[in-house]
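Below is one structure, written out as structure tokens; comments come after it.
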Amino acid sequence: MTAETILEIENIELTYKGSIQALRGLSLKVPKGQIVALLGSNGAGKSSTLKAVSNLLSLENGELTAGRIRFNGKDTAGLSPHALVRSGLFHVMEGRRIFEDLTVEENLVAATYALTGRGGAPADFEQVYDYFPRLKERRHNRAGYLSGGEQQMLAIGRALVARPSLILLDEPSLGLSPLLVEEIFTIIAHINRETGVSMLLVEQNAAVALAISQFGYIMENGRIQLDGPTERLMADDDVREFYLGQS
Ligand code: ATP
């Protein structure tokens with residue numbers, strides 16, 4: 001029996017206006033409750049895949065010319081990014097995208113407003129602070145003064161406020177020291193285990209991503225080159241040489 005699928009991408013093709021074709025018949029699945037890693041070198045099309053899922057392509061003059069995407073069994077074509085957030089799909093963008101002039105807690109409040117409208121649900125951020133005690137310590141500090149790692153924690157915390165069923169995580173390791181990367185990935189795995197939230201994790205750091213994922217896809221030039229359970233990928237000679245830096 002296969003696990004239920006929360007996200008299914010089927011043969012999508014993407015072209016940016018005036019540019020090359022960025023995705024060329026890409027398919028992948030995220031089973032419910034699992035972490036799936038999407039790996040590949042610079043420019044392979046990983047971020048574009050996530051933007052296709054959260055319907056953010058039109059903001060960048062990108063267009064899907066073929067294929068379809070289903071979230072919880074429903075076709076996402078035509079749904080606004082906001083409607084997708086409300087239905088449980090949250091995209092943590094590359095580069096973190098937090099409000100630097102607001103405090104940590106105000107950033108979390110803003111994430112709540114985005115879901116419920118002003119004056120909506122009471123602010124209960126204890127779950128976020130349980131996972132990220134550092135954010136609790138810094139909750140009255142301006143987000144712009146946080147370290148890169150703390151800003152990444154805040155970006156993930158903003159996703160948790162939305163209580164999503166699927167999180168798209170774009171390069172959480174970007175610009176962080178190895179120690180912080182390990183800390184954040186340990187917390188990501190912990191959140192997945194405790195809440196059951198599914199994750200599609202885009203990473204250039206294949207080793208840390210595979211360490212917390214159950215399944216991985218490796219893409220090059222807009223299509224999947226190789227996929228499999230993480231143990232199989234980690235034992236593959238080409239993966240070890242080209243993506244894990246081992247020989
Ligand atoms: P990176 O790790 O560098 O972000 P990536 O695997 O996420 O790489 P994408 O950012 O998805 O790759 O880019 C895939 C291709 O699409 C690249 O050739 C890139 O130049 C192109 N591309 C991405 N965004 C745009 C855009 N807004 N307009 C035009 N071309 C774009």
Side-chain angles (χ1 to χ4, degrees), residues 7-30 35-69 71 76-77 80-81 84 89-98 148-149 151-152 155-156 159 166-178 180-181 184-185 188 198-213 215-228 230 233 236 238-239 241-245:
L7 178 72
E8 183 165 19
I9 303 178
E10 232 178 66
N11 272 316
I12 55 171
E13 312 226 339
L14 157 66
T15 310
Y16 288 106
K17 206 169 260 172
S19 170
I20 49 134
Q21 191 177 351
L23 300 178
R24 304 155 184 265
L26 178 127
S27 300
L28 66 79
K29 283 182 188 178
V30 179
I35 303 181
V36 171
L38 180 58
L39 312 172
S41 49
N42 252 326
K46 305 179 299 296
S47 299
S48 297
T49 303
L50 296 192
K51 287 176 194 159
V53 172
S54 54
N55 277 341
L56 289 171
L57 286 174
S58 58
L59 300 177
E60 305 203 15
N61 285 321
E63 194 192 357
L64 287 189
T65 54
R68 65 173 160 190
I69 300 175
F71 172 56
T76 59
S80 70
L84 283 170
L89 190 155
F90 200 102
H91 186 164
V92 180
M93 313 262 294
E94 187 174 356
R96 313 195 249 274
R97 313 278 176 109
I98 52 170
Q151 290 188 358
Q152 184 62 59
I156 298 171
L166 174 66
I167 301 180
L168 311 176
L169 263 178
D170 199 348
E171 299 257 5
S173 78
L174 195 73
L176 305 185
S177 70
L180 259 174
V181 170
I184 285 188
F185 274 68
I188 292 171
S198 318
M199 299 186 184
L200 179 56
L201 169 62
V202 157
E203 259 300 333
Q204 281 200 44
N205 187 336
V208 290
L210 289 176
I212 65 162
S213 307
F215 199 92
Y217 290 89
I218 296 179
M219 67 184 295
E220 285 309 329
N221 277 322
R223 46 172 86 88
I224 302 298
Q225 289 286 12
L226 188 65
D227 62 73
T230 44
L233 291 179
D236 183 284
D238 285 344
V239 174
E241 183 175 348
F242 296 115
Y243 297 97
L244 298 173

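Everything numeric in this text was worked out from a predicted model, so none of it was measured. Note that ligands are numbered from 1 as they come in the structure, with each ligand's atoms numbered from 1 the same way.
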Hey, could you give me the CG/CD distance between D170 and E94, rounded to the nearest 0.5 Å?
-> 4.5 Å
Interatomic spacing from OG in S213 to CG in L39 - rounded to 0.5 Å | 7.5 Å
Can you tell me which residue pairs pass the salt bridge (charged side-chain N to carboxylate O under 4.0 Å, His left out) test with a partner in residues 39-66, sequence neighbours excluded?
-> K51-E60
Using heavy atoms and a strict 4.0 Å limit, residues surrounding ligand 1 turn out to be Y16, S19, I20, A22, S41, N42, G43, A44, G45, K46, S47, S48, E60, E94, E171, Q204
With sequence neighbours excluded, tell me which residues meet side chain to side chain contact (heavy atoms under 4.5 Å, CB included) with R223.
-> R24
Checking side-chain contact (heavy atoms from CB on, under 4.5 Å) against L201, which of I212, L50, L38 comes through?
-> I212
Contacts of type ring-ring contact (aromatic ring centres under 6.0 Å, His included), residue F185, not counting sequence neighbours = none
